[in-house]
Amino acid sequence: MKKLRLFTPGPTMVPEDVMLEIAQPMFHHRTAEYREMAKEIHGLLQYLFQTKAMCLTFTGSGSSAAEAAIVGCCPPGHKALVVRNGKFAERWAKVCATFGIDHTPLDIEWGHGAKVQDISKAMDADPKIDTVIVVHSETSTAALSDVEGIAKLTRDRGAILIVDGITAVGAIPVKMDEWGVDAYITGSQKAMMLPPGLGFAAISDRAWERIDSGKMPTLYNDLKAYRKSMETFDAPYTPNVPLVRGTHYVLRSVKERTLEAIWAETAMLAKGTRAAAEALGLKVYPADPVDSVTAMLVPDSVDEGKLRKTMRGKYGFQIAGGQGDLKGKIIRFSHMGYVDAFDTIGAMAALEFTLKGQGYPVTLGAGVAAAQAVFASAMD
Ligand SMILES: *Cc1c(COP(=O)(O)O)cnc(C)c1O
């Protein structure tokens, strides 16, 4: 059997002990055992999001939790500003359109993160805007938005801020309460190193006031139903019990390791990967690079599809390509979850072989050495 290392920015590699935990015998969710576990998970999720707010666990991928938060926070009479700077950001505008939510898209050049000035200008131009939706780490372009700054602005103006933190939470600094974010979202298959299938949403008291002030047509992903069940640490529908068990296991180890240590390692892996790209003459794509995933522009002389096929088939590294307009133009490497400096050095070595195989001029070891130099000082 050939070893496959998953470097895609979701799903990511799942540790062996987590797989074994998930494989434990099935148990029923309407039991004291389940509620005890759900209660502990709630406290651990509060640590993960750095919040005292209520944290909900949805059966469904990250998008289910994001849809629930957007729909719940935007009842009739409110207007949302949706920052569109990549493929995932576009999805949240689609949610607004689908549910008939009054919204204005704010298009920002791909590769750039959302900045305070962009948001404040858009809010100045349309005083009806009282809700802002941004993606913290836009995985499709590997760009970082200034959530801390934007949260300060939305707080000052009394607006609600909804943040897609699907590749931010558990990877890069996220401080929901300190910054003043109203709804933060993540999913199981990115930094949480679990299989896909759970979405998580932390909802502030301010957001609950908004949610309770109106009514939206929603049933399965209804925040209010989830809140009611949480009173007894239950779930409104049958939860994904094995993944809930896995969440319990993973979050305990995250807390033991500390978020600060995880954020530092993710930042180190990103820095080393960017240094490797530069040493190989590949440009880092985004203007505002995020640390949870790195996107590199593929040189004109290199076939991107063939590159990824070789990386996977010949060398056992599955990486991601570009989406939408970036298809065929970039490659992306994840730094989230169960991945370390030595996996990353291996990925850079495989990238060198692959580029060389396509006739691109490479000095073998140049990218590896650049990454190693970064890791050496960080791991010292
Ligand atoms: C992966 C991802 C999503 C989609 O999450 P699903 O779990 O596939 O629903 C949304 N936003 C960002 C930033 C992502 O990286």
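Side-chain N or O atoms of Ser145 include none that pairs as donor or acceptor with a backbone N or O of Gly113 at under 3.5 Å. With hydrogens and angles ignored, the 3.5 Å screen pairs no side-chain donor or acceptor of Thr31 with any backbone N or O of Phe27. Trp263 places a side-chain N or O within donor-acceptor distance of the main-chain N or O of Ile172, the cut-off being under 3.5 Å. No donor-acceptor pair closer than 3.5 Å links the side chain of Gln50 to the backbone N or O of Asp177.
For the residue pair Asn240 and Thr59, no side-chain donor N or O sits within less than 3.5 Å of a side-chain acceptor on the partner. When only modelled atom types and interatomic distance are considered, Ser334 and Thr8 share no side-chain donor-acceptor pair under 3.5 Å. Asp17 and Tyr249 share a donor-acceptor pair across their side chains, judged by distance under 3.5 Å alone. Using modelled atom types and a 3.5 Å distance limit, the side chains of Arg308 and Thr354 yield no donor-acceptor pair. No hydrogens or angles considered: nothing links the side chains of Thr344 and His335 as a donor-acceptor pair under 3.5 Å. In summary, the side chains of Tyr338 and Glu16 do present a donor paired with an acceptor at a separation below 3.5 Å, with no hydrogens or angles considered. When only modelled atom types and interatomic distance are considered, Asn85 and Trp110 share no side-chain donor-acceptor pair under 3.5 Å.
Aromatic ring pairs are classed by plane angle as parallel below 30°, tilted from 30° to 60° and perpendicular above 60°; the pair Tyr184 and Phe49 is tilted.
Rounded to the nearest 0.5 Å, atoms CD1 (Ile185) and CD1 (Ile162) are 7.5 Å apart. Interatomic distance, CD1 of Ile108 versus CD of Glu138, reported as 11.0 Å (0.5 Å rounding). Summarising the geometry, atom OG1 belonging to Thr273 is positioned 9.5 Å from atom CD1 belonging to Ile345; distances are rounded to the nearest 0.5 Å. One distance of note links NZ of Lys309 with CD of Gln318; it measures 13.5 Å at 0.5 Å rounding. Atom CD1 of Ile160 is separated from atom CZ of Arg155 by 7.5 Å, given to the nearest 0.5 angstrom. Taken to the nearest 0.5 Å, the CD1 atom of Ile150 stands 10.0 Å off from the OG atom of Ser120.
A cation-pi arrangement is not found for Lys52 relative to Tyr47, the charged atom failing to lie both closer than 6.0 Å to the ring centre and inside a 45° cone about the ring normal.
Pairs engaging residues 322-342 under the salt bridge (Lys or Arg N to Asp or Glu O under 4.0 Å) rule: none recorded [sequence neighbours left out].
Annotation: Lys3, atom NZ; neighbour count of heavy atoms from other residues, nucleotides and ligands within 6.0 Å does not exceed 12. Within a 6.0 Å sphere centred on CD of Gln24, heavy atoms belonging to other residues, nucleotides or ligands number more than 12. Residue-environment remark: CZ (Phe353) stays at or below the threshold of 12 foreign heavy atoms within 6.0 Å. No more than 12 heavy atoms of other residues, nucleotides or ligands shown are found within 6.0 angstrom of CD on Glu278. Within 6.0 Å of CZ in Arg274 there are more than 12 heavy atoms belonging to other residues, nucleotides or ligands. Other residues, nucleotides and ligands place more than 12 heavy atoms under 6.0 Å from the CG atom of Asp124. For Glu256, the CD atom counts as loosely surrounded, since its 6.0 Å shell holds 12 or fewer non-hydrogen atoms of other residues, nucleotides or ligands. Environment of NZ in Lys115: crowded, with over 12 heavy atoms of neighbouring residues, nucleotides or ligands closer than 6.0 Å.
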Chi angles and distances behind the side-chain contact (heavy atoms from CB on, under 4.5 Å) call for Glu304, Ile330:
CA-CA 7 Å; Glu304 182 269 345; Ile330 59 166; over 6 Å; no

Worked verdict on Phe58 versus Leu198 for side-chain contact (heavy atoms from CB on, under 4.5 Å):
CA-CA 6 Å; Phe58 289 83; Leu198 293 180; over 6 Å; no

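In this structure, Leu243 is not a member of the same hydrophobic cluster as Met230, with clusters built from ILVMFWY side-chain heavy atoms closer than 4.5 Å. Residues Val241 and Val250 are members of one and the same hydrophobic cluster, defined by side-chain heavy-atom contacts under 4.5 angstrom among Ile, Leu, Val, Met, Phe, Trp and Tyr. With hydrophobic clusters built from ILVMFWY side chains whose heavy atoms lie under 4.5 angstrom apart, Val95 does not share a cluster with Ile129. With hydrophobic clusters built from ILVMFWY side chains whose heavy atoms lie under 4.5 angstrom apart, Val169 shares a cluster with Leu269. When the side chains of ILVMFWY residues are joined at heavy-atom separations under 4.5 Å, either directly or via intervening members, Met192 and Phe88 end up in two distinct hydrophobic clusters.
The residues Asp234 and Lys228 are annotated as not salt-bridged, no charged nitrogen and carboxylate oxygen being separated by less than 4.0 angstrom. Of the charged side-chain nitrogens involved, none lies within less than 4.0 Å of a carboxylate oxygen, so that Glu40 and Lys255 do not count as a salt-bridged pair. Taking 4.0 Å as the cut-off between side-chain N and carboxylate O, Arg157 and Asp130 do not count as a salt-bridged pair. Between Arg5 and Asp343 there is no salt bridge, since none of the side-chain N atoms of the basic residue sits less than 4.0 Å from a carboxylate O of the acidic one.
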Throw together a table of side-chain donor-acceptor distances under 3.5 angstrom for residues 199-207, partners on residues two or more places apart or in other chains.
unit_1 : atom_1 : unit_2 : atom_2 : d
Ser204 : OG     : Asp182 : O      : 3.4
Ser204 : OG     : Asp182 : OD1    : 2.9
Ser204 : OG     : Arg206 : N      : 3.4
Ser204 : OG     : Ala207 : N      : 3.0
Arg206 : NE     : Asp182 : OD1    : 3.0
Arg206 : NH2    : Ala159 : O      : 2.6
Arg206 : NH2    : Asp182 : OD2    : 3.1

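Every residue was checked against the salt bridge (Lys or Arg N to Asp or Glu O under 4.0 Å) condition with Lys271, not counting sequence neighbours, and none meets it.
Considering all non-hydrogen atoms of both residues, Phe317 and Ala350 come closest at CD1-CB, 3.6 Å.
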